[in-house]
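Read through the structure below, which is laid out as structure tokens, and then see the notes.
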2 protein chains.
Amino acid sequence: MPLSLSFQQSDHNHEHCIERALERAEELCRVQRQRLTAQRRRVLELVWAQHKPVGAYAVLEELQKQGRAAPPTVYRALEFLQQMGLVHKIESLNAYVGCAFAGQPHDAQFLICEQCDELAEVEIPRLSETLNEGAAISGFEPRRSTIEVLGLCPNCLDLRP
Amino acid sequence: MPLSLSFQQSDHNHEHCIERALERAEELCRVQRQRLTAQRRRVLELVWAQHKPVGAYAVLEELQKQGRAAPPTVYRALEFLQQMGLVHKIESLNAYVGCAFAGQPHDAQFLICEQCDELAEVEIPRLSETLNEGAAISGFEPRRSTIEVLGLCPNCLDLRP
DNA sequence: TTTTGCAATGTTATACTATAACAATCTGGG
DNA sequence: CCCAGATTGTTATAGTATAACATTGCAAAA
């Protein structure tokens, strides 16, 4: 079960959501003999603070509230977390989000609301297959794909004029 | 017929390719009563110079070989060209490419070779439909999507060890 | 337990990408 | 011709990311 099932309801307990993400991260790093240091854990926590993409410099500002920190600190942590599959970069926003499917191999697919900035990581049925088959027609061998859909989320559609 | 049909063969006449893109641009701007000024035309030409994404500052350097130019000059031209649907931004590379389907409404889809940097704008059968239907399942209303696939192009696959 | 070597972090500087703000100039329609 | 809006010039600065090298921490080998 993914950590985030599409867009969240107002009754969504996000504290619990963050906790689960951190626990899962601990587990994954332990299994893969990688070190989820305090610094990395803190950055992951900050990225998970909202179901919205977070800029690296926003993370940095938070870190700086508890002591000194410089950009490389954040970018290194983010790089590690991306390599571990715990965080994704949203290319169209230059921002980062916690991965909803950590530990499960998958192609990242995002729905991003341009009204409220909320983001949902999804797995659209047959999308990866369609994409891979289509690429193969061109004789192309896909390795990594960026799929980011901008639009309006159900919550914002409901509130519309 | 698209200006670029998947990946190019070595016998591909790129001069001709650029010319067609410029002619099409002239036509589109004329019909839509927009001004394809010398500056904008030159930027479009530079973006089309290769079937690879080009950085804004690379374009700037070329412009500077023929007189002064500053970043806003390039970014304004690129913004205009994007709005006219003549150029796409490749989000995962912070770079720009000429649109292969100028004048035809479409969702942008790119195959990008990580070996040779060549890029093909494609229209993968049923991909947009699958994506839109999938988003609808989440109650999401898509407006614009970013689809960029990184991998190996047929040319580079042939040359592999 | 001490050593040791690599992993992680700190620190400073800088590269790269993009836009704000305002002045000057150009262009097409009245 | 004249004007209003569009385009371009110019300077400065915001925002994103990495290079390079010093220092510290940690865990396995001796």
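In the text below, chain A, chain B and the rest are named by the order of the sequence lines, each starting its count at 1. In this text the structure is predicted, and so the values were computed from the model without any measurement.
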Atom pair distance, as rounded to whole Å: [atom1] in [X] and [atom2] in [N]:
| X | N | atom1 | atom2 | result |
| --- | --- | --- | --- | --- |
| B:Leu78 | C:dT19 | CG | P | 10 Å |
| B:Leu63 | D:dT10 | CG | P | 13 Å |
| B:Gln64 | D:dT10 | CD | C1' | 13 Å |
| A:Glu79 | D:dA19 | CD | C1' | 13 Å |
| B:Arg68 | D:dT10 | CZ | P | 6 Å |
| B:Glu91 | C:dT17 | CD | C1' | 12 Å |
| A:Leu60 | C:dT9 | CG | P | 15 Å |
| B:Ile90 | C:dA18 | CD1 | P | 12 Å |

If you check the [X] side chain, which of [options] turns out closest?
| X | options | answer |
| --- | --- | --- |
| A:Thr73 | D:dT7, D:dG9, C:dG10 | C:dG10 |
| A:Arg76 | C:dA18, D:dA19, C:dT9 | C:dT9 |
| B:Asn94 | D:dT10, D:dA6, C:dA18 | C:dA18 |
| A:Ala70 | D:dA17, C:dT12, C:dA7 | C:dT12 |
| B:Pro71 | C:dG10, D:dG9, C:dA18 | C:dA18 |
| B:Tyr57 | D:dT7, C:dA18, D:dT10 | C:dA18 |
| A:Pro72 | C:dT12, D:dT16, C:dG10 | C:dT12 |

Has [X] got a side-chain N or O lying under 4.0 Å from the OP1 or OP2 atom of [N]?
| X | N | result |
| --- | --- | --- |
| B:Arg40 | D:dT7 | yes |
| A:Tyr96 | D:dA17 | yes |
| A:Tyr75 | D:dT18 | no |
| B:Lys89 | C:dA18 | yes |

Looking at A:Glu148 and A:Lys89, is any side-chain nitrogen of the basic one under 4.0 Å from a carboxylate oxygen of the acidic one?
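Result for this pair is no, no salt bridge flagged.
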
For B:Glu133, is there an ion pair with B:Arg126 - N to carboxylate O distance below 4.0 angstrom?
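Salt bridge flag = yes for B:Glu133 with B:Arg126.
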
Salt bridge (charged side-chain N to carboxylate O under 4.0 Å, His left out) assessment of B:Arg20 paired with B:Glu23:
CA-CA 5 Å; B:Arg20 275 198 300 167; B:Glu23 280 168 26; over 6 Å; no

Ring centroids only, cut at 6.0 angstrom: are A:His51 and A:Phe7 within range, meaning strictly under it?
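Not under 6.0 Å, so no.
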
Would you mind telling me which residue lines up with the more 5' stretch of DNA chain C, A:Gln39 or B:Gly55, judged by nearest nucleotide?
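Between the two, 5'-proximity favours A:Gln39.
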
Quick one: does any side-chain atom of B:His14 pair with a main-chain N or O of B:Trp48 as donor and acceptor, under 3.5 Å?
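Yes, the answer is positive, given that a donor and an acceptor are paired below the 3.5 Å cut-off.
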
